[in-house]
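This report concerns only the one structure given below.
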Amino acid sequence: QVQLVESGGGSVQAGGSLRLSCAVSGLTYATRWMGWFRQAPGVEREAVAAIYTGGGSAGYADSVKGRFTISQDNAKNRLYLQMNNLKPEDTAMYYCACAAAGPYGDSWRALTTYNYWGQGTQVTVSS
């Protein structure tokens with residue numbers, strides 16, 4: 001059984017930093033996209049960043065480029081999202097997501113690329 005458990009969310013002031021962590025268990029070895037999505041109330045869930053495990057190529061939403069960094073620790077089966085210079089518009093529930101397997105050519109922005117999702121961790125940024 002695949003499980004994804006996020007942690008690290010919280011409340012910060014604008015300009016602050018948070019590091020989200022996703023503990024992954026139950027996955028079989030495969031190359032795949034793993035990513036972070038976020039969803040604010042009344043807004044569709046959107047891709048924030050993703051990393052392809054077969055090589056480490058990453059993609060970022062334009063709104064977070066230069067501020068957020070996605071990384072993985074294969075030894076610890078963890079996915080991270082370092083978020084710097086946070087803005088009030090970053091306020092949302094953040095979800096870790098993982099594909100069962102798939103080629104690099106799959107769209108990392110598409111929800112349908114991902115088979116497994118965590119329960120989410122709340123990030124609140126005040127001005």
Side-chain angles (χ1 to χ4, degrees):
Q1 182 180 359
V2 177
Q3 287 190 318
L4 282 67
V5 180
E6 303 96 334
S7 61
S11 297
V12 296
Q13 291 190 325
S17 297
L18 285 173
R19 188 193 194 201
L20 305 184
S21 177
C22 176
V24 183
S25 61
L27 281 177
T28 57
Y29 177 80
T31 52
R32 56 171 60 87
W33 283 104
M34 300 181 70
W36 290 93
F37 285 70
R38 66 186 181 188
Q39 187 168 22
V43 180
E44 290 187 354
R45 191 171 296 190
E46 64 172 354
V48 175
I51 189 166
Y52 191 70
T53 61
S57 294
Y60 294 91
D62 288 344
S63 59
V64 307
K65 279 182 182 176
R67 299 188 299 122
F68 291 11
T69 302
I70 189 170
S71 63
Q72 57 178 340
D73 185 330
N74 292 328
K76 295 182 179 180
N77 291 325
R78 285 188 176 267
L79 183 70
Y80 300 102
L81 185 67
Q82 178 66 44
M83 305 186 295
N84 298 328
N85 190 22
L86 283 160
K87 303 177 180 180
E89 51 264 40
D90 295 318
T91 295
M93 185 71 78
Y94 282 70
Y95 298 90
C96 176
C98 179
Y104 178 77
D106 284 347
S107 172
W108 64 267
R109 299 176 188 271
L111 275 70
T112 53
T113 292
Y114 302 89
N115 303 96
Y116 308 107
W117 295 83
Q119 293 300 306
T121 185
Q122 178 68 38
V123 172
T124 303
V125 185
S126 58
S127 57

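Without hydrogens or angle criteria, D106 side chain to T113 main chain gives no donor-acceptor distance under 3.5 Å. In this structure, R32 contributes its side chain and A100 its backbone to a donor-acceptor pair below 3.5 Å.
Remark: D62 pairs with K65 by the salt bridge (Lys or Arg N to Asp or Glu O under 4.0 Å) rule, at least two apart or across chains. Residues satisfying the salt bridge (Lys or Arg N to Asp or Glu O under 4.0 Å) test with R109, not counting sequence neighbours, are none. With sequence neighbours excluded, the residues satisfying salt bridge (Lys or Arg N to Asp or Glu O under 4.0 Å) with D90 are R38, R67. Residues satisfying the side-chain contact (heavy atoms from CB on, under 4.5 Å) test with V2, not counting sequence neighbours, are L4, L27, Y116.
Using a 4.5 Å cut-off between side-chain heavy atoms of Ile, Leu, Val, Met, Phe, Trp and Tyr, with links allowed through other members, M93 and Y114 fall into the same hydrophobic cluster. Note: the hydrophobic cluster containing L79 also contains M83 (ILVMFWY, side chain heavy atoms under 4.5 Å, direct or indirect links). Hydrophobic clustering of Ile, Leu, Val, Met, Phe, Trp and Tyr side chains at less than 4.5 Å, counting indirect connections, keeps L111 apart from M34. Note: the hydrophobic cluster containing F37 does not contain V64 (ILVMFWY, side chain heavy atoms under 4.5 Å, direct or indirect links). Under the 4.5 Å side-chain heavy-atom criterion for Ile, Leu, Val, Met, Phe, Trp and Tyr, L81 and I51 are members of the same hydrophobic cluster.
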List the atom pairs, with distances to 0.1 Å, where a side-chain N or O of residues 120-127 and a protein N or O form a donor-acceptor pair under 3.5 Å, not counting sequence neighbours.
from : atom 1 : to   : atom 2 : distance (Å)
T121 : OG1    : G9   : N      : 3.1
Q122 : NE2    : A92  : O      : 3.4
Q122 : NE2    : T124 : OG1    : 3.4
S126 : OG     : V12  : O      : 3.4

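Residue pairs meeting the ring-ring contact (aromatic ring centres under 6.0 Å, His included) criterion with at least one partner in residues 44-84, sequence neighbours excluded, are W33-Y52, Y52-Y104.
Of all the heavy atoms in Q72 and G56, the pair that sits closest is NE2-CA, 4.5 Å. Summarising the geometry of T91 relative to A40, their closest heavy-atom pair is O-CB, 3.8 Å, with the distance given to 0.1 Å.
Here the straight-line distance linking atom CD of Q3 with atom SG of C96 works out to 12.0 Å at 0.5 Å rounding. Rounding to the nearest 0.5 Å places CG of L18 at 8.5 Å from OG of S11.
Other residues, nucleotides and ligands place no more than 12 heavy atoms under 6.0 Å from the CD atom of Q119.
The shortest distance between side-chain heavy atoms of E6 and L20 does not fall below 4.5 Å.
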